[in-house]
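For reference, the structure is listed below as structure tokens.
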Amino acid sequence: MDEIESKEVRLAVLIDADNISYHYIEPMMQEIARYGTPTIKRIYGDWTKPNLNGWKSLLLDYAISPVQQFAYTTGKNSTDSALIIDAMDILYAEKADAFCLVSSDSDFTRLAGRLREAGKTVYGIGEQKTPNAFIAACDRFIYLEILDQEEDDEDNEESSDEKANSDRGEKVSSKARSNSRSKSSKESKEKTNNKGRQKRVLKKIDHRLLNLIDQSILDIEDDDGWAYLGDLGQLIGKKQPAFDSRNYGFAKLSTLIGSLEQYEMQYREMPRGGGQEKQLFVRVKDDPTRIKKNERAF
């Protein structure tokens, strides 16, 4: 679920500059690269306005083409119209296999739906304030806050390591400094990762999430109640486009489910590519208070 298998997917990345801050650009582009090759990268806005100055210095670094759209009338968002028209042109010209719409604006809800009707995969990227209608219209939706905080955590980890090494360098000998540096680096990383994990939690694990996981396991489980984790992740993503284990503070779905006592997991040797490969399976532990087979949660 975390990323599609093919790296040859041509992506059209269309960014609403009026609605997204330039601060997110680096982690955002790194995330987009997980789903394919961004062959078309365009950003829309009125570049005569000072509020977009932050974007201007970054466009060349990421090979993003700016599209000028003057605000002819106060209160009307002409940027949205320009982005929608370009998206449809790209669709009919068959220049992209999938679209990445970067905005927190619900005005793109119909566009996302239309692109999916044409058989294109649509990835949405925006802030937590994004209306649910736009989120539901995408195949998958990623919150920018998660990407931004992961980038901050990496910066904090590097600075913490440097400070710890510098402090110890003044007090110990050369040989001792090497050992101390290794130890302090490890401790610093553990502390930083723990803090980062707390920062990255956008949503709490609640009964709705547990019901979603339970129901999805029931939908695809075998006769013994086991469900392949890969299929489970895909099904959950189809049901809830905004689902992402990172929203709950976990890098992967396997670590999220592994942290919950309601589930048990096991590896199985499965045939793959002419050989055998370990695959992870999960099932709901026997508990009379939880959902049973053929009982559905609404």
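By the 4.5 Å heavy-atom criterion applied to side chains, Lys278 and Glu269 are counted as neighbours. With a 4.5 Å cut-off on side-chain heavy atoms, Phe250 and Ser259 count as touching. Taking the side chain as every heavy atom from C-beta outward, Phe108 and Asp16 approach each other to under 4.5 Å. At a threshold of 4.5 Å between non-hydrogen side-chain atoms, the residues Leu232 and Ile257 count as touching. Looking only at side-chain heavy atoms (C-beta outward), Thr48 and Gln68 come within less than 4.5 Å of each other. Within the 4.5 Å cutoff, the side chain of Ile32 has heavy atoms near those of the Ile125 side chain. Arg246 has its side chain out of reach of Leu202: every pair of non-hydrogen atoms, C-beta onward, lies at least 4.5 Å apart. Considering only heavy atoms from C-beta on, Ile64 comes within 4.5 Å of Ile25 through its side chain.
One distance of note links CG of Asn247 with OG of Ser245; it measures 8.0 Å at 0.5 Å rounding. Atom CG of residue Asn51 and atom CG of residue Asp46 lie 8.0 Å apart, to the nearest 0.5 angstrom. Taking CD from Gln234 and OG from Ser216, the interatomic distance works out to 12.0 Å, rounded to the nearest 0.5 Å. Separating the CG atom in Leu115 from the CD1 atom in Ile84 is a distance of 10.0 Å, to the nearest 0.5 Å. Rounding to the nearest 0.5 Å places NZ of Lys41 at 12.0 Å from SG of Cys100. Rounded to the nearest 0.5 angstrom, Ser81 OG and Asp107 CG are separated by 8.5 Å.
Looking at every heavy atom in both residues, Thr39 comes nearest to Arg10 through OG1-CB, 3.8 Å. The nearest pair of heavy atoms linking Ile135 to Pro241 is O-CB, 3.5 Å. Closest of all the heavy-atom pairs between Thr109 and Ala133 is CG2-O, 3.5 Å. The minimum heavy-atom distance linking Asp139 with Thr121 is given by the pair OD2-CA, 3.3 Å. Closest heavy-atom contact between Glu8 and Asp97: O-OD2, 4.1 Å. Of all the heavy atoms in Val9 and Tyr35, the pair that sits closest is CB-O, 3.8 Å.
Every residue two or more places apart in sequence or in another chain that forms a side chain to side chain contact (heavy atoms under 4.5 Å, CB included) with Ala118 is listed here: Leu91, Arg114. Residues passing the salt bridge (charged side-chain N to carboxylate O under 4.0 Å, His left out) test with Glu117 are Arg110, sequence neighbours excluded. Listed by chain and number, the residues in a side chain to side chain contact (heavy atoms under 4.5 Å, CB included) with Pro131 are Ser106 (sequence neighbours excluded). Looking at residues two or more places apart in sequence or on another chain, you find a side chain to side chain contact (heavy atoms under 4.5 Å, CB included) between Asn53 and Pro50, Lys56. For the side chain to side chain contact (heavy atoms under 4.5 Å, CB included) test, residues two or more places apart in sequence or in another chain that qualify with Ala87 are Leu14, Phe99, Leu111.
For Tyr267, the OH atom counts as loosely surrounded, since its 6.0 Å shell holds 12 or fewer non-hydrogen atoms of other residues, nucleotides or ligands. For Glu261, the CD atom is loosely surrounded, since the number of other residues' heavy atoms within 6.0 Å does not exceed 12. Around atom CZ of Arg208, no more than 12 heavy atoms belonging to other residues, nucleotides or ligands sit under 6.0 Å away. By the 6.0 Å contact criterion, NZ on Lys239 is enclosed, its count of non-hydrogen atoms from other residues, nucleotides or ligands being greater than 12.
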*For side chain to side chain contact (heavy atoms under 4.5 Å, CB included), just list the numbers for Asp244 and Ile146, CA-CA rounded to whole Å, side-chain angles, deciding distance to a tenth of an Å, and then say yes or no.*
CA-CA 10 Å; Asp244 193 319; Ile146 288 294; 5.6 Å; no
*When you look at Arg283 and Asp224, which way does the salt bridge (charged side-chain N to carboxylate O under 4.0 Å, His left out) test go after all the steps?*
CA-CA 9 Å; Arg283 74 175 177 182; Asp224 296 322; over 6 Å; no
_Using the rule given for side chain to side chain contact (heavy atoms under 4.5 Å, CB included), can you reason through Leu210 versus Tyr263, listing the C-alpha separation, both sets of side-chain angles and the distance that settles it, and then say yes or no?_
CA-CA 10 Å; Leu210 298 179; Tyr263 308 100; 3.9 Å; yes
*Give the intermediate values and the outcome of side chain to side chain contact (heavy atoms under 4.5 Å, CB included) for residues Lys203 and Tyr143.*
CA-CA 11 Å; Lys203 295 184 178 182; Tyr143 291 125; 3.7 Å; yes
*Begin from the C-alpha positions of Leu52 and Ile43 and carry the test side chain to side chain contact (heavy atoms under 4.5 Å, CB included) through to its verdict.*
CA-CA 11 Å; Leu52 297 185; Ile43 185 167; over 6 Å; no
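Criterion: ILVMFWY side-chain heavy atoms under 4.5 Å apart, direct or through other members. Under it, Leu83 and Ile85 are not part of a common hydrophobic cluster. If you chain together hydrophobic residues whose side chains sit under 4.5 Å apart, Tyr22 and Leu60 never meet in one group. Ile217 is not connected to Met270 by any chain of hydrophobic side-chain contacts under 4.5 Å among Ile, Leu, Val, Met, Phe, Trp and Tyr, and they are in different clusters.
Phe134 and Phe141 have perpendicular rings, their planes meeting at more than 60° on a 0 to 90° scale where under 30° would count as parallel.
No side-chain donor-acceptor contact under 3.5 Å links Tyr44 and Asp80.
Pairs engaging residues 207-240 under the ring pair (Phe, Tyr, Trp, His ring centres under 6.0 Å) rule: Tyr228-Phe281 [sequence neighbours left out].
Salt bridge annotation for Asp89-Arg42: absent, with no cationic side-chain nitrogen under 4.0 angstrom from a carboxylate oxygen.
With hydrogens and angles disregarded, a donor-acceptor distance shorter than 3.5 Å links the side chain of Ser104 to the backbone of Glu127. When atom types are taken as modelled, the side chain of Glu145 and the backbone of Gln128 share a donor-acceptor pair closer than 3.5 angstrom.
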